[in-house]
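One structure below.
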Number of protein chains: 2
Amino acid sequence: MKSIEPTIKADEVTPPRAGEKILRVARDLFYRQGIRAIGVDEIVRRAGVTKPSLYRSFPSKDELAASYLRQYDLEFWARFDEAVAAHPGDPRAQIAAFLTRIGKRTQKPDYRGCGMTNAAVEYPEHGHPARVVSEANKQELRRRLRAMAAAMGAGDADTLGDGLLLLIEGAYISGQLFGAGGPAKSVARNADLLIEASLQK
Amino acid sequence: MKSIEPTIKADEVTPPRAGEKILRVARDLFYRQGIRAIGVDEIVRRAGVTKPSLYRSFPSKDELAASYLRQYDLEFWARFDEAVAAHPGDPRAQIAAFLTRIGKRTQKPDYRGCGMTNAAVEYPEHGHPARVVSEANKQELRRRLRAMAAAMGAGDADTLGDGLLLLIEGAYISGQLFGAGGPAKSVARNADLLIEASLQK
DNA sequence: AGGTATACGTACCGATCGGTAACATTGTCA
DNA sequence: TGACAATGTTACCGATCGGTACGTATACCT
């Protein structure tokens, strides 16, 4: 009476692996309160697992933080590419869509900026696992923004791309500094003004 | 032979009080490595004093961090007002001077952004002594930037002022994320483009 | 010289940090 | 049934965390 009912695979009925639960909880706590502010004990407690389970899935807390950021990276590019895909061949509209979304997110009550940016602030030391992931993400973002600026036909595409990056990072930070009603809500408008000025040169 | 020579008061000849040495060392370590990353033991060790001396001058580490930021606040406004004083009655030139200076600072090797911004990222909790100082500084900066945008005659002064704040915060963060050669070096140029676009509307 | 207040140092506190050793328990599959 | 892999349990490690009780030195004023 037990071998005839795997209508669902065992893998699917099995509750989330310990590593997955840990990463899910860590992601939430790290983002909302910061990586340094959260101890491994609190993570395992909220995840309903024990500490050895954490260290069987992750070699260290620093690597757990890096894993959190790698997942964050995937979700970030998913959002980015979603805005891109919504306006094929129109980089200016792509930027506008992406920034409009950022501007809205910054107004939400529990917004705490960009996990990548925050991690880099928390870990200034070069070579730290979390910082490595964060820097790679930002390098790639810069590359793509400059490419989009060039595709718009900007005279100085690198400057415009960098200007957009400054506005975006400013929105991330201002969002968590000022909360709702802060300067971040105008990021899309300001980016559009900057693009306009950079094109008619 | 001892009562006739107080040409200088005793207070002045005395080597720096423990509290001052502590604050000087704490300021340096907090800025370069972050507040959470530095323990009170390291502060007192590098300052050449002992821990009770720290807690006689400051009620807690959090308050020491707040004192560090209050001093940072004074120096920040000194730099800001210096740029303002250099171009009386010309807010656009004042902004340009201030941002040019920021752009240069971000290219220095040991640049680590704005101490205020970093502290707010490290302490997301509302009401934390360090965060309170940081938020007050940013609120005032926003107010002044908006006022300067209005003085420039911008159609939508609040949007322009906020846009400048976004660029500034973006420069702070990008400066420590990318190091020399990063997007922050173009902050003055992008701000000028944004101003230009905002005025001719 | 003596009193007094201020500043400083030694030694210590309990709590928490990230991380681990050793072993028991469970479910899966052959 | 028996082997295996994953997880849980318990207890522990040395280091560091922020913070303090308490005694000692120094400088000044009378």
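Numbers restart at 1 for each chain; the letters A, B, ... are given by sequence-line order, proteins then strands.
The closest side-chain heavy-atom distance from Phe178(B) to Leu165(A) is below 4.5 Å.
Across residues 53-69 of chain A, Ser53(A), Arg56(A) each have a non-hydrogen atom less than 4.0 Å from an atom of DNA chain D (numbered order).
In this structure, the CD atom of Glu42(B) is 14 Å from the C1' atom of dA15(D), given to the nearest Å. One atom, CG of Asp41(B), and another, P of dG19(D), lie 11 Å apart when rounded to the nearest Å. Spacing between atom OH of Tyr123(A) and atom C1' of dG18(C) amounts to 11 Å, rounded to whole angstrom units. Residue Lys51(B) contributes atom NZ, which lies 11 Å from atom C1' of dA11(C) at whole-angstrom precision. Following rounding to the nearest Å, Arg45(A) (CZ) and dC17(C) (C1') show an atom-to-atom distance of 15 Å. Residue Arg17(B) contributes atom CZ, which lies 16 Å from atom P of dT26(D) at whole-angstrom precision.
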Q.
salt bridge (charged side-chain N to carboxylate O under 4.0 Å, His left out), that's the test. Do Glu82(B) and Arg79(B) meet it? Break it down for me.
A. CA-CA 5 Å; Glu82(B) 196 176 313; Arg79(B) 287 194 297 268; over 6 Å; no

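In this structure, Asp192(B) CG and Leu164(B) CG are separated by 10.0 Å, a value rounded to the nearest 0.5 Å. Atom-to-atom distance recorded for Thr106(A):OG1 and Leu177(A):CG is 12.0 Å, nearest 0.5 angstrom. With rounding to the nearest 0.5 angstrom, the CG atom of Leu64(A) is 11.5 Å from the CD1 atom of Ile38(A).
In this model, a donor atom of one side chain and an acceptor atom of the other lie less than 3.5 Å apart for Glu75(A) and Gln71(A).
Between Lys138(B) and Glu135(B), no side-chain nitrogen of the basic residue sits less than 4.0 Å from a carboxylate oxygen of the acidic one, so the salt-bridge criterion is not met. At a threshold of 4.0 Å, the pair Arg45(B)-Asp41(B) does not count as salt-bridged, since none of the basic side-chain nitrogens sits closer than that to a carboxylate oxygen.
Helix bend of the helix from dA1(C)-dT30(D) to dA30(C)-dT1(D): the angle between its two end axes, each built from five pairs, comes to 10° after rounding to 10°.
Note on Ile22(A): nothing from the nucleic acid sits closer than 4.0 angstrom, heavy atoms only.
Contacts of Arg46(A) classified as side chain to side chain donor-acceptor pair (under 3.5 Å), with partners at least two apart in sequence or in another chain: Glu42(A).
Picking from dG8(D), dT10(C), dT9(D) the nucleotide with the shortest atom distance to the side chain of Val49(A) gives dG8(D).
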